[in-house]
Amino acid sequence: DIPFLSFIASEFAVGLDGMIHFYKTEKAHLQKEMEEQFIQQMNWSPLLPKPYITTSSKQLLSKLDYNYVRGITATAPGFYGPQGRTIRAELLEPNLPDKLSQVNLNGHKITNLEMESSCLFALSNILGHDALTVCLGIAKRATGEFAADYHPQMQNLIHSILEDVIQ
């Protein structure tokens, strides 16, 4: 339900890649209660890596104005099966994008799907850095719609981030 070409700021990221489980996580800002809710709401298969939920920088997020949609970014470890796309091979979780769109974790919804945010947030938190990701909504997978010419809006997003965050 997010309009095309919206600026989407990630408050949280859910990692579907299992990356965080290779590190000691005391400083990763993991959201254990939300993780358990996610696993339950998704009916998560034990054959898949255990998901984790981590936070972006509250300091950087506070610099953004009201024009940004905020929520949870789902971070998949690949373009195809991990994002619910088929390439002749049957998927273990064929309705992943539909299921993600139904998740509600303490009033926070999944806003977008990409491949980096959860790892960036977790490692930044562990190492004592600030991290924030902002994406441009260029596709609606549920309806098969894709923005035709998003490059001008991407330039607007870049300028907006530089103005909001670098000040």
Side-chain angles (χ1 to χ4, degrees), residues 1-19 31 34 37-38 41-42 44 48-49 51-124 130-167:
D1 61 348
I2 296 171
F4 270 130
L5 304 177
S6 292
F7 297 173
I8 303 169
S10 304
E11 290 182 83
F12 303 93
V14 56
L16 307 178
D17 55 7
M19 182 281 307
Q31 306 297 303
M34 290 173 77
Q37 290 175 24
F38 180 82
Q41 289 180 31
M42 291 289 294
W44 197 253
L48 297 171
Y52 60 95
I53 298 179
T54 187
T55 59
S56 67
S57 166
K58 291 188 184 347
Q59 177 188 3
L60 293 176
L61 193 62
S62 72
K63 294 183 176 194
L64 301 181
D65 66 24
Y66 63 91
N67 290 324
Y68 295 82
V69 173
R70 295 180 184 206
I72 303 171
T73 294
T75 301
F79 286 113
Y80 298 104
Q83 292 191 20
R85 297 176 180 168
T86 59
I87 51 169
R88 297 191 318 245
E90 187 177 350
L91 298 178
L92 177 66
E93 191 61 68
N95 299 319
L96 183 66
D98 293 335
K99 288 174 72 174
L100 288 170
S101 72
Q102 302 303 311
V103 169
N104 187 323
L105 307 176
N106 300 334
H108 301 281
K109 295 182 120 186
I110 306 284
T111 52
N112 59 315
L113 180 62
E114 48 79 278
M115 295 173 53
E116 296 88 14
S117 292
S118 63
C119 182
L120 290 172
F121 294 173
L123 289 176
S124 292
D130 289 317
L132 174 67
T133 57
V134 178
C135 297
L136 182 64
I138 62 172
K140 289 189 174 211
R141 296 219 182 136
T143 61
E145 298 173 82
F146 298 88
D149 183 20
Y150 61 85
H151 295 94
Q153 193 64 359
M154 183 62 78
Q155 290 297 318
N156 291 340
L157 172 60
I158 293 167
H159 291 291
S160 179
I161 288 294
L162 290 173
E163 289 175 8
D164 290 348
V165 175
I166 305 300
Q167 295 182 8

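Please read these numbers as outputs of a predicted model, since none were measured by experiment.
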Side-chain touch [X]/[Y], heavy atoms, less than 4.5 angstrom:
{"X": "V134", "Y": "L132", "value": "yes"}
{"X": "I8", "Y": "L136", "value": "no"}
{"X": "L105", "Y": "I53", "value": "yes"}
{"X": "Q102", "Y": "I110", "value": "no"}

Taking [Y]'s backbone N and O only, do any of them form a donor-acceptor pair with [X]'s side chain (distance below 3.5 Å, no angle check)?
{"X": "S124", "Y": "L120", "answer": "yes"}
{"X": "T75", "Y": "S118", "answer": "yes"}
{"X": "K63", "Y": "I161", "answer": "no"}

### Task
Could you please spell out the steps behind the side chain to side chain contact (heavy atoms under 4.5 Å, CB included) verdict for M154 and L5?
CA-CA 8 Å; M154 183 62 78; L5 304 177; over 6 Å; no
Listed by chain and number, what are the side-chain hydrogen bond (donor to acceptor under 3.5 Å, both in side chains) partners of [X], not counting sequence neighbours?
{"X": "T111", "value": "none"}
{"X": "E145", "value": "T143"}
{"X": "Q83", "value": "R141"}
{"X": "N106", "value": "Q37"}

Sequence neighbours excluded - ring pair (Phe, Tyr, Trp, His ring centres under 6.0 Å) pairs with any residue from [range]:
{"range": "residues 67-89", "answer": "F7-Y68"}
{"range": "residues 141-160", "answer": "none"}
{"range": "residues 93-122", "answer": "F12-H108"}

### Message
For E114 and S117, which I'm curious about, is there any donor-acceptor pair between the side chains at under 3.5 Å?
### Response
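Judged by distance alone, the side chains do pair up.
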### Task
Output the distance between atom CG (D164) and atom CG (L60), rounded to the nearest 0.5 Å.
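Interatomic distance, D164 CG to L60 CG, rounded to 0.5 Å: 11.5 Å.
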### Task
Give every residue pair that meets the salt bridge (Lys or Arg N to Asp or Glu O under 4.0 Å) criterion with at least one member in residues 93-109, sequence neighbours excluded.
E93-K99
### Message
Per the salt bridge (Lys or Arg N to Asp or Glu O under 4.0 Å) rule, what does the pair list look like for residues 75-91, sequence neighbours excluded?
### Response
none
### Message
Is there a side chain to side chain contact (heavy atoms under 4.5 Å, CB included) between I2 and K140? Walk through the geometry before answering.
### Response
CA-CA 9 Å; I2 296 171; K140 289 189 174 211; 5.9 Å; no
### Query
Where do W44 and P51 come nearest, in terms of heavy atoms and distance?
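Answer, listing the atom of W44 first, then P51: NE1-CD, 3.3 Å.
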#### Entry: Closest contact, heavy atoms only, V103 versus Q41
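Scanning both residues completely, I find the closest heavy atoms to be CA-OE1, 3.3 Å.
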### Task
Take Y52 and Q31, measure what side chain to side chain contact (heavy atoms under 4.5 Å, CB included) needs, and give me the verdict at the end.
CA-CA 8 Å; Y52 60 95; Q31 306 297 303; over 6 Å; no
#### Entry: P77: side chain to side chain contact (heavy atoms under 4.5 Å, CB included) partners, not counting sequence neighbours
L16, D17, P82
### Message
Using side chain to side chain contact (heavy atoms under 4.5 Å, CB included), reason through N104 and F38 one step at a time and then give a plain yes or no.
### Response
CA-CA 8 Å; N104 187 323; F38 180 82; over 6 Å; no
### Query
Which residue pairs pass the side chain to side chain donor-acceptor pair (under 3.5 Å) test when at least one of the two sits in residues 3-13, sequence neighbours left out?
S10-T73, S10-T133
